[in-house]
Every structure is written in structure tokens, then in C-alpha cells.
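Down below is the structure, laid out as C-alpha cells.
The figures that follow rest on heavy atoms only: side chains count, while hydrogens, waters and symmetry mates do not.
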Amino acid sequence: AGSSTSHSAYFWTCLLSPHRRLLPPACPTYTGLVPLITTLLQDRTCFRAALSKGLGLGIVAAAGLIKLPQIASIVSSRSAEGLSKTTFLVETFGHTYNLAAHVRQGYPPSTYGDFAALLLQNYALLVLIYAYSGQPALGVSIVVGAVSLLGGMCSGGFPLGVLQALTAGNVLLVFASRLPQAIANYRAGSTGALSLVTCVGMWLGATARIFTTLTEVDDPSILAGYIAAGVLNGIIAMQVLFYRGKKSPAAPRPATKKTQ
């Protein structure tokens, strides 16, 4: 029994040793599971920082899957009906400069990894949207340009001040990217091929990011952007629920002349 206990203690010591743990610097070092739990329960600063870190990592993991239902919806229906090109173009630009700004300013990966995951999925969505709109070459060209822009912004040659100025306008960008989709849904009385899972997931992710930004990122402009995204993504998610099962009214067919 003593040997079993010592092996268990050794296992937790190795697994939770300071140099391998994922908890933030706000948490003191520990050498086992019980000290870890005690620390989290007693140290509010550590608990808040650990919760933020866990949420951030969870958001990054979920971001790698969140738009797959939307991609599947487009492919299965062979249509991008109801999806606003403006929304995805502006959103992709926003993810691009926000990812570059976070990387260049040395923020923890848990605060920006979702930008990278969402960008990859947006690239695929842009290709699909333009392909099903009869403009496949344009879609590919846009994605190539977006990837090149990301590389340039992440390089030291791109002015950091410009990235900071762009993040200062996050609220405006959120409105520019999400409002066209919300307005299109309202006018059509339908959400077309929009995926409920993706829309709800985007709302939950933006809401969780408000907490992680408050805890780990000292930038009011980034925080304001997430607050705006949470509100607008919530509106779009509610539209998907409200218009669920409803299709856009068919365009009237041109009258045909009868031949004698």
C-alpha cells in the first residue's frame, strides 16, 4: 500500500510540476493535486487567472470546430444562400489584424489562438461562398491575398502602431461585419444556409472572451470589440432560431407570352 501511495504521489508530482503546468504566473508553485486544489480554493487571484486560462484554451479548442457545421451546411446544400459576403470579408480582415496585434504584443496564446483557427475556417468559407456564387477564381484570389496580408502584418516590417490603431476600431469593425448579416436575415425573413450551431457557438465564444480579456489583456478597445461581438452574435443566433425552417420568398418568375 505504501508503494502504491508513493507511486501515486510521484505521478501527480510529475504531472503537476511547476515547469509543466499550464496555470498562469499568478498561481504559486505546488507539488501535488491536493496543494493545487487548496490553492485554487483559497487564492481568488489564482482562481480567477486559472479560470481565464482554462476558458481561453477551451475557446481556442472550440474555435477549431465552430465553423465546420457552417461549412458542412454549404457543401450539403450546394448553396451559400443567405450568407453575406461582406460579413465574411470584414470578419476575415478583423481576425487577421487582431491575430497579428496579439502576436506582436506578446499576449498569451490562449488569448488569440482562436483567431488563427477561425481564419483557417473563414478561408474555406470564402472559397465556398464565391464558388457557389459563380466566382471561384475570385474566392481563391481573396484568400491568397488574406494570407499574404497576415504574413505581412505579423512581420516586424509592418508598423505596430497601425495594428494598435486598427484594434482601437474593433467596435466599428464588429458592426461592419455582423450588421450586414443581421440586416440581410431581417429583409429576407430567413437565415438561408446559416448554421445554428455555428451562430450560437460564436455568441458563446465572444461572451467568454469578455471575461478572458478582462483578466489577461489590458486593452479596452479589444474588450469593447468582444462586447459588441457578443451582442450582435446573440442577435444573429436569435434570428436563426426565430426564422428556423423558413425559406426566402421565391423571386417572381417573368411572365411568358402565349403563342398562338
Side-chain angles (χ1 to χ4, degrees), residues 60 63-75 78-107 109 111-184 192-195 198-199 201-202 205-206 209 219 221-222 225-226 228-229 232-233 236:
V60 172
L65 305 172
I66 196 61
K67 293 200 173 187
L68 294 184
Q70 184 65 76
I71 294 172
S73 176
I74 295 174
V75 173
R78 301 184 66 80
S79 169
E81 180 188 1
L83 275 71
S84 167
K85 291 178 182 176
T86 301
T87 286
F88 285 94
L89 288 170
V90 177
E91 184 180 83
T92 298
F93 176 64
H95 290 338
T96 299
Y97 75 69
N98 272 292
L99 173 59
H102 280 69
V103 170
R104 294 277 301 278
Q105 294 179 93
Y107 290 130
T111 65
Y112 64 78
D114 48 322
F115 285 128
L118 291 172
L119 267 178
L120 291 175
Q121 292 166 94
N122 266 22
Y123 295 156
L125 283 167
L126 284 170
V127 169
L128 287 171
I129 290 171
Y130 278 91
Y132 286 116
S133 300
Q135 300 172 297
L138 178 58
V140 172
S141 299
I142 289 173
V143 170
V144 170
V147 173
S148 301
L149 179 63
L150 176 62
M153 286 183 167
C154 286
S155 70
F158 194 90
L160 180 58
V162 174
L163 290 177
Q164 292 171 328
L166 286 171
T167 57
N170 270 350
V171 172
L172 295 177
L173 181 124
V174 169
F175 275 95
S177 67
R178 306 315 293 167
L179 269 184
Q181 184 65 69
I183 292 171
L194 276 177
S195 164
T198 295
C199 291
M202 293 294 290
R209 272 293 178 216
D219 192 327
S221 61
I222 293 178
Y226 280 126
L232 290 173
N233 283 334
I236 292 173

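In this structure, OG1 in Thr198 is found 8.0 Å from CD1 in Ile71, a value given to the nearest 0.5 Å. Expressed to the nearest 0.5 Å, how far CG of Leu118 lies from OG1 of Thr96 amounts to 11.0 Å. With rounding to the nearest 0.5 Å, the separation of CG in Leu125 from OG1 in Thr87 is 12.0 Å. Within the model, atoms NE2 of His102 and OH of Tyr112 stand 9.0 Å from one another, a figure rounded to the nearest 0.5 Å. Here the straight-line distance linking atom OG1 of Thr86 with atom CG of Leu179 works out to 11.5 Å at 0.5 Å rounding. How far CD1 of Ile74 is from CG of Leu128: 5.5 Å, rounded to the nearest 0.5 Å.
For the pair Gln121 and Gln70, the minimum side-chain heavy-atom distance is 4.5 Å or more. The closest side-chain heavy-atom distance from Arg209 to Asp114 is below 4.5 Å.
Closest of all the heavy-atom pairs between Gly134 and Pro136 is C-CD, 3.3 Å.
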In sequence, state the C-alpha distance, the side-chain angles, and the governing distance for Lys67 and Ser195, and then conclude on side-chain contact (heavy atoms from CB on, under 4.5 Å). CA-CA 8 Å; Lys67 293 200 173 187; Ser195 164; over 6 Å; no
Using the side-chain contact (heavy atoms from CB on, under 4.5 Å) rule, take Tyr130 and Leu126 through it: C-alpha gap first, then chi angles, then the decisive distance, then the call. CA-CA 6 Å; Tyr130 278 91; Leu126 284 170; 4.2 Å; yes
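Within the structure, salt bridge (Lys or Arg N to Asp or Glu O under 4.0 Å) contacts touching residues 154-172 (residues at least two apart or in different chains) do not occur. Applying the side chain to side chain donor-acceptor pair (under 3.5 Å) test to every pair with at least one member in residues 172-184, sequence neighbours left out, gives these pairs: Glu91-Arg178, Arg178-Asn233, Gln181-Asn185. Residues in residues 146-168 take part in no salt bridge (Lys or Arg N to Asp or Glu O under 4.0 Å) pair, two or more places apart or across chains.
With sequence neighbours excluded, the residues forming a side chain to side chain donor-acceptor pair (under 3.5 Å) with Thr92 are Asn122, listed by chain and number.
The aromatic rings of His95 and Phe115 sit tilted, their planes meeting at an angle between 30° and 60°.
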Side-chain donor-acceptor pairs under 3.5 Å in residues 141-162, sequence neighbours left out?
| unit_1 | atom_1 | unit_2 | atom_2 | d |
| --- | --- | --- | --- | --- |
| Ser141 | OG | Ala137 | O | 2.9 |
| Ser148 | OG | Val144 | O | 3.0 |
| Ser155 | OG | Gly152 | O | 2.6 |

Show which side-chain atoms of residues 167-176 pair as donor or acceptor with protein atoms under 3.5 Å away, not counting sequence neighbours.
| unit_1 | atom_1 | unit_2 | atom_2 | d |
| --- | --- | --- | --- | --- |
| Thr167 | OG1 | Leu163 | O | 3.4 |
| Thr167 | OG1 | Gln164 | O | 2.8 |
| Asn170 | OD1 | Tyr97 | OH | 2.7 |
| Asn170 | OD1 | Asn98 | ND2 | 3.2 |
| Asn170 | ND2 | Asn98 | OD1 | 3.1 |
| Asn170 | ND2 | Thr167 | O | 3.4 |

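Side-chain N or O atoms of Ser79 include one that pairs as donor or acceptor with a backbone N or O of Glu81 at under 3.5 Å.
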